[in-house]
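What follows is a single structure, written as structure tokens, with notes after it.
Letters go in sequence order (proteins before strands), and every chain restarts at 1.
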Protein chains: 2
Amino acid sequence: MFYNNFFNVYLSDATAKMRLIEPHKNCKQCQWKCDIYFTTREMGMQHELKPVQMVYKKHETICRQDAAITHAINLVSGNAKMFVNGLFDKQIILGILMPANYIGLTAIFGSPNYPYNVTALTHCHTCQVDIDIVKKMYHANHDFQQMLNQSFSKTLASIMKKLVSLNQKQIRAKVAESLIYLAQLHESDQFMLTLSRKELGELSAITGENAVRVLSEFKKEGLIRVEGKEVCLLQKEVLQKISDAG
Amino acid sequence: MFYNNFFNVYLSDATAKMRLIEPHKNCKQCQWKCDIYFTTREMGMQHELKPVQMVYKKHETICRQDAAITHAINLVSGNAKMFVNGLFDKQIILGILMPANYIGLTAIFGSPNYPYNVTALTHCHTCQVDIDIVKKMYHANHDFQQMLNQSFSKTLASIMKKLVSLNQKQIRAKVAESLIYLAQLHESDQFMLTLSRKELGELSAITGENAVRVLSEFKKEGLIRVEGKEVCLLQKEVLQKISDAG
DNA sequence: TAAAAAAATTGTTGTAAAACAATGTTTTCA
DNA sequence: TGAAAACATTGTTTTACAACAATTTTTTTA
């Protein structure tokens, strides 16, 4: 880690890319108020919370599968992909992270290592909090506990859903499902695809080539509009039917 | 529900198969002492615990996906399969339950419905405890909390592992993996397959026909010994290699 | 205990999707 | 700014596996 006077940030010496912005003096000034902040305030623990902001550029790794979890990472801006290492350097994207979203909470549930990788799809701002403090909060605060438990449980449910669909659906249904998922995530039927075609394939557990193929099929059929990274779902109901039909 | 004098048990009127054995007067007499019992004893809550024993015959449903969770079900003897409903009446078996194993704990984590089905592979004895009491214990007892969190976290990890393998491995690797999984479960390289060939297929996300095929291939190759339901892994390392190679 | 149903086995066929290939396009960065 | 790398697209080939079919064996149950 070395200090760069010009940019007024810390650069990690490993990649010289991951930037460590000076620690918050005060969360009150933060534009992205998070649940951990609200909870610490409620519990009178602000002084213990020493959050650190980190910025990641596109393609940079935010956390690596199997590495020890030291911090709860809150994605406060940007997009990131969450994926597991498959065989033969193939990846399966479990989902896309949008703010606000915590990474690393499994440590609280007894898994001290990250169960998946997260890498930035766009510039990402994160706020990182020592995991031990979050653990302490978890055990002391029922509402916080409930919140984390619920989010953890949702993760389990979504992975189980993915297990079924990736195993039993064919490529058109898989891509349709991914598109609907992305629209839900962006809360709009029109959105910018932060994923490459290959990554859209990884999200759908198909090859990049087939992702392209299905995308242009859907375009020809008038189900979607695609121009580069811009996607618009024109006939969502039909896509939903394709997804459901398998 | 009606009472059957001959068998001295309750039979549910829906199926007339599910048997409700009289409630325990005292867990002390139970041959299968479980964690919930130990924890209630520790917490001085024995009087609140009113466990009910239920017996299920082979093929009977112990719990149904999406149904409301009313009890924590402890499988105290027998084998059961845990599976999700896929498309077109296809099932994916997530794993096999062996004693002692709790079903329905996701309710504590904010998912009030069963996320999967469980049906008996053999005669199964279960002990069922009101879920609200377990919730109460969870919130009051740190050690108990830790234990359940860890088990929940393990479930997540195993499903993620399955996600990768079922997506990227081919049938021989899938079956090899299933066989190793079963051996681990039975804590022996020689075990009785409680699953049918079709179910072994569902565990491996392949057809029953291919499960048979691979099994006889492995037999011919001297990797395993199979006689009906009796399976013995002769060359576990080779099977592991096949599984890892994908 | 006989008849019926379910499970196991083996061979054959059809097909969806991966793999490969070739080419054009965009992005990266030295 | 220009070369190299990464990405996108489309067509062709290969292949692993599901689907189907037919027969044998085992299990269930009336």
Side-chain angles (χ1 to χ4, degrees), chain A residues 15-17 57-60 81 86-92 119-123 165-176 178 192-220 226-231 242 245-246, chain B residues 16-17 57-60 81 86-92 119 121-123 165-176 192-220 224 226-231 242 245-246:
Chain A
T15 64
K17 283 180 172 179
K57 286 204 289 187
K58 198 174 170 177
H59 296 142
E60 283 185 323
K81 64 171 176 177
L87 279 52
F88 322 116
D89 289 317
K90 273 191 197 173
Q91 305 177 347
I92 298 179
T119 64
L121 290 169
T122 63
H123 261 67
S165 78
L166 298 195
N167 252 287
Q168 305 197 327
K169 289 186 177 181
Q170 21 196 102
I171 53 170
R172 284 172 59 90
K174 284 175 176 178
V175 173
S178 291
M192 276 295 179
L193 199 63
T194 49
L195 300 165
S196 72
R197 301 295 197 262
K198 181 158 174 276
E199 285 170 326
L200 180 65
E202 286 167 352
L203 179 63
S204 317
I206 60 173
T207 57
E209 290 93 323
N210 277 327
V212 170
R213 231 179 292 265
V214 172
L215 231 42
S216 40
E217 273 176 35
F218 285 171
K219 189 182 177 179
K220 249 180 238 162
V226 211
E227 274 160 65
K229 294 285 182 193
E230 179 130 9
V231 179
I242 293 173
Chain B
K17 282 180 172 179
K57 285 203 291 188
K58 198 176 169 176
H59 295 141
E60 283 186 323
K81 64 172 174 176
L87 279 52
F88 320 117
D89 289 317
K90 274 192 195 171
Q91 304 178 348
I92 298 179
T119 63
L121 289 169
T122 64
H123 261 66
S165 78
L166 298 195
N167 253 286
Q168 306 197 327
K169 289 186 177 181
Q170 27 196 97
I171 53 171
R172 285 172 59 90
K174 285 175 177 179
V175 174
M192 276 292 179
L193 198 64
T194 49
L195 300 163
S196 72
R197 301 295 197 264
K198 182 160 174 274
E199 285 170 326
L200 180 64
E202 286 166 353
L203 179 63
S204 317
I206 61 172
T207 55
E209 290 93 324
N210 277 328
V212 171
R213 231 179 292 266
V214 173
L215 230 42
S216 40
E217 273 176 36
F218 285 171
K219 190 182 177 180
K220 250 179 239 161
I224 57 171
V226 210
E227 274 161 66
K229 294 284 182 192
E230 180 128 8
V231 179
I242 292 173

Side-chain N or O of A:K198 closer than 4.0 Å to phosphate OP1/OP2 of D:dA6
no
Measuring to OP1 and OP2 of C:dT26, would you say a side-chain N or O of A:K229 lies under 4.0 angstrom away?
no
Output for pair (B:Q168 CD, A:I92 CD1), nearest 0.5 Å, gives 4.5 Å
Provide, to the nearest angstrom, the distance between the CG atom belonging to B:L166 and the P atom belonging to D:dA18.
11 Å
Short N-O contact, B:E209 and B:R213, less than 4.0 angstrom:
no
Quick one: is C:dA18 close enough that its OP1 or OP2 comes under 4.0 Å of any side-chain N or O from A:T207?
yes
Using a cut-off of less than 4.0 Å, is there contact between a side-chain N or O of A:S216 and OP1 or OP2 of D:dT10?
yes
Which heavy atom in A:L166 sits nearest to a heavy atom in A:A205, and how many Å separate them?
CD1-CB, 3.6 Å
Nearest-angstrom distance from the residue atom CG of B:N167 to C1' of D:dA16:
15 Å
Give a yes-or-no answer on whether the side chains of A:S204 and A:S178 include a donor-acceptor pair shorter than 3.5 Å.
yes
When we call it a touch if two heavy atoms are under 4.0 Å apart, what does A:K174 touch: a base, just sugar-phosphate, or nothing?
nothing
How many whole angstroms separate atom CD of B:E60 from atom P of D:dT28?
14 Å
At less than 4.0 Å, is any side-chain N or O atom of B:K90 found next to OP1 or OP2 of D:dA19? Yes or no.
yes
Hey, what do you get for CG (B:N167) to NZ (B:K174), rounding to the nearest 0.5 Å?
8.0 Å
If you find the nucleotide of DNA chain C closest to B:N210 and the one closest to B:H59, which residue's nucleotide is nearer the 5' end?
B:H59
Under 4.0 Å from OP1 or OP2 of D:dT10: is there any side-chain N or O of A:R213 that close?
no
Can you check the A:E202 CD to C:dA18 P distance for me, whole Å?
12 Å
Nearest-Å distance for atom pair CD/C1', residues A:E209 and C:dG24
15 Å
To the nearest Å, how far apart are A:Q168 CD and D:dC17 P?
16 Å
Against the side chain of A:Q170, the closest entry in D:dC20, C:dA17, C:dC20 is C:dA17
Testing C:dA8, D:dC20, D:dC7 for proximity to the side chain of A:S196, the answer is D:dC7
What nucleic acid atoms does B:A205 come within less than 4.0 Å of, heavy atoms only: base, sugar-phosphate, or nothing?
sugar-phosphate
Among C:dA17, C:dT10, D:dA18, which is the nearest nucleotide to the side chain of A:I171?
C:dA17
Mind calculating the distance between CD1 (B:I206) and P (D:dA19) to the nearest angstrom?
12 Å
B:K220 NZ to C:dT9 P, in whole Å, measures 12 Å
